[in-house]
2 protein chains.
Amino acid sequence: MEIIRRNTDYGIRALVFMAQKPIGEIFSLSDLAAQIEVPLDFLYKIFRKLAEEGLVTAHRGANGGFSLKKETEKITVKEVVEILQGPLAINQCFLSNKPCSYFSKCFLKKRWRKVQEEVEKILSGLTLEELAKGGKHFV
Amino acid sequence: MEIIRRNTDYGIRALVFMAQKPIGEIFSLSDLAAQIEVPLDFLYKIFRKLAEEGLVTAHRGANGGFSLKKETEKITVKEVVEILQGPLAINQCFLSNKPCSYFSKCFLKKRWRKVQEEVEKILSGLTLEELAKGGKHFV
DNA sequence: TAATACTGGACTATTTTAGTCCAGATTATT
DNA sequence: AATAATCTGGACTAAAATAGTCCAGTATTA
C-alpha cells in the first residue's frame, strides 16, 4: 500500500516543479502535465483543490495557468496529503472521532497515538522547499 | 486513509492480547474474537497468514487454537503489516520494482526514499512486546 | 471572434477492502 | 464410535476507494 497516493504524488511533483522556477511564474496545466507526465484532466482536478486551499492561484483565459500562492517553505507534505487525500491516520481509531466499540477497553490506543505522532512529525517536518532544493533532510 | 488496515489492526490486537498471557498458552479464535471484538471468520483468515509466516502455531481439534510461536519481542509492527497487508511504501515508486515512465527524470525519488526509510524505522523499531508491555517507546 | 485556459460536476472501470460462507480435515472428550 | 470443537482452504461478495475521463460552461487574451 502506498501512503502517498497518485493524486498527491502528482500534486507534489507539480508544486515542486513550479518551486524550481522564479516565484510568481504562471504554468498552464497543459505544459505542466506534459513536463511531469501526468494526465491533464486529472491534474486539473488536483489543482482545483490546491487552489481552493490557497496553495496556488488560478489565472483563467489565454496565457493563464496557475502560480504558486503560498511559499513552498511553508507548505508541508502533510498539508498537501491532507488536502488531496484527506486525513492520514495510523489506523481507523484515529481517523474518525467516533470511537469504535472496542475503544474503551483498548489499551493500544495510547501507543498507536505515539506512532501516529511520529509519522505526522516526519510529514509535517518536510516542506516542499526542501523537496525542491534539498534541505537539511537530505544531506 | 489508514496506514494500518483493519486486518492488521485486528491481527496486532490479537497477538498483543496473547502476549499478555503466559507464553505457550493456546487461544481458540472463538474466545479471542470475542475478547478483542472482531469477526470470527475474518480472524481465521488473518491467523492463517500469521501461521504461514511462523508467528503463531495452529493446534487443531477440540481444545485447539493458536499459540504464539515467535517471541513478541522479535515481532515488529512492520513485519505484521507486511504479512497482512503486503509491502508498505511511501508511494507507487517504491512499491514495485518497475520504475514508472517518469522515473529517470524524477529528482524526487532520492528524497522520497529518505522519507520511506524514516517511516520504516518507526514501524520496524516497534515490537509487539513493547506494544503489550509499554517499553521505551511509551515512557 | 477565436483560441486558450480554468471550473464544476457527472460519470465510470478497476481494484481494494472487509468481510462471509461452506465443505472438509483434525483432535479431544464421552 | 460418535460428537463437538477447532483449524484449513478457497470461493464468493457488497461496498468503498482509486484513478481517472468527459463535457458543457466561463473567463481572458490576442
Side-chain angles (χ1 to χ4, degrees), chain A residues 1-11 13-14 18 25-34 36-53 55-67 69 81 84-89 91-93 95-96 100-102, chain B residues 1-11 13-14 25-34 36-53 55-67 69 81 84-89 91-92 95-96 100-102:
Chain A
M1 191 200 63
E2 312 119 70
I3 294 175
I4 289 181
R5 292 204 313 251
R6 219 69 77 75
N7 57 351
T8 309
D9 196 63
Y10 293 170
R13 219 141 100 179
M18 294 166 82
E25 187 163 338
I26 294 176
F27 303 81
S28 77
L29 288 199
S30 16
D31 276 0
L32 212 41
I36 65 170
E37 297 182 27
V38 310
L40 175 59
D41 280 334
F42 196 29
L43 200 57
Y44 266 116
K45 206 171 178 178
I46 292 166
F47 267 70
R48 229 146 82 189
K49 282 193 184 174
L50 296 178
E52 272 171 22
E53 299 296 326
L55 268 55
V56 296
T57 306
H59 307 269
R60 301 177 75 163
N63 298 335
F66 289 89
S67 58
K69 183 173 184 185
V81 165
L84 293 177
Q85 57 190 59
L88 184 68
N91 66 7
Q92 184 77 11
C93 187
L95 207 51
S96 68
C100 74
S101 63
Y102 189 64
Chain B
M1 192 201 60
E2 312 120 67
I3 294 175
I4 288 180
R5 291 205 311 251
R6 219 68 79 75
N7 56 352
T8 309
D9 197 64
Y10 292 169
R13 218 142 101 179
E25 186 162 338
I26 294 176
F27 303 81
S28 77
L29 288 199
S30 19
D31 275 1
L32 212 41
I36 65 171
E37 297 181 28
V38 309
L40 175 58
D41 280 334
F42 197 28
L43 200 56
Y44 266 116
K45 206 172 179 179
I46 292 164
F47 267 70
R48 229 146 82 190
K49 283 193 183 174
L50 296 178
E52 271 170 23
E53 299 296 325
L55 268 56
V56 296
T57 306
H59 307 269
R60 300 178 76 163
N63 298 333
F66 290 88
S67 58
K69 184 172 183 185
V81 165
L84 294 177
Q85 57 191 57
L88 184 68
N91 67 6
Q92 184 77 8
L95 206 50
S96 67
C100 74
S101 63
Y102 189 64

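The sequence lines fix the lettering, A, B, ..., with proteins before strands; numbering per chain opens at 1.
The CD1 atom of A/Ile46 sits 11 Å away from the P atom of D/dT21 (whole-angstrom rounding). Between the CD1 atom of A/Ile3 and the P atom of D/dT18 there is a distance of 14 Å, rounded to whole Å. Between A/Tyr10 atom OH and D/dA19 atom C1' the separation is 8 Å, expressed in whole Å. Atom-to-atom, CZ of B/Phe42 to P of C/dC21 comes out at 14 Å; the value is rounded to the nearest Å. Atom CG in B/Leu43 sits about 14 Å away from atom P in C/dA18, given to the nearest Å. When the C1' atom of C/dC21 is taken as reference, atom CG of B/Asp41 falls 7 Å away, rounded to whole Å. In this entry the distance linking CZ of B/Arg6 with P of D/dA16 reads 12 Å, nearest Å. Atom-to-atom, CZ of B/Arg5 to P of D/dA17 comes out at 14 Å; the value is rounded to the nearest Å.
The shortest non-hydrogen separation linking A/Lys49 to A/Leu84 is NZ-O, 3.6 Å. In terms of heavy-atom proximity, B/Asn91 sits nearest to A/Glu2 at C-CG, 3.7 Å. Nearest heavy atom pair, residue B/His59 against residue B/Ser67, reads NE2-OG, 2.8 Å. Looking at every heavy atom in both residues, A/Leu32 comes nearest to A/Ala14 through CD2-CB, 4.2 Å.
Side-chain atoms of B/Gln85 do not come within 3.5 Å of backbone N or O of B/Thr8 as any donor-acceptor pair.
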Requested in this report: List the protein contact pattern of nucleotides 4-12 of chain D with one symbol per nucleotide (5' to 3'): B for base contact, S for sugar-phosphate-only contact, - for none; contact means a heavy-atom distance under 4.0 Å.
Outcome: -BBBBBB--
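Rounded to the nearest 0.5 Å, atoms CD1 (A/Ile4) and CD (B/Gln92) are 12.5 Å apart. To the nearest 0.5 Å, atoms CG (A/Leu43) and CZ (A/Phe27) are separated by 12.0 Å.
Contact check for B/Arg48 versus B/Tyr44: no side-chain heavy atoms found under the 4.5 Å cut-off.
Comparing D/dT18, D/dG20, C/dT17 by their closest approach to the side chain of B/Met1 singles out D/dT18.
Residues satisfying the salt bridge (charged side-chain N to carboxylate O under 4.0 Å, His left out) test with A/Arg13, not counting sequence neighbours, are A/Asp9.
Note on the helix from C/dT1-D/dA30 to C/dT30-D/dA1: terminal axis deviation equals 0°, with five pairs used at each end and the result rounded to 10°.
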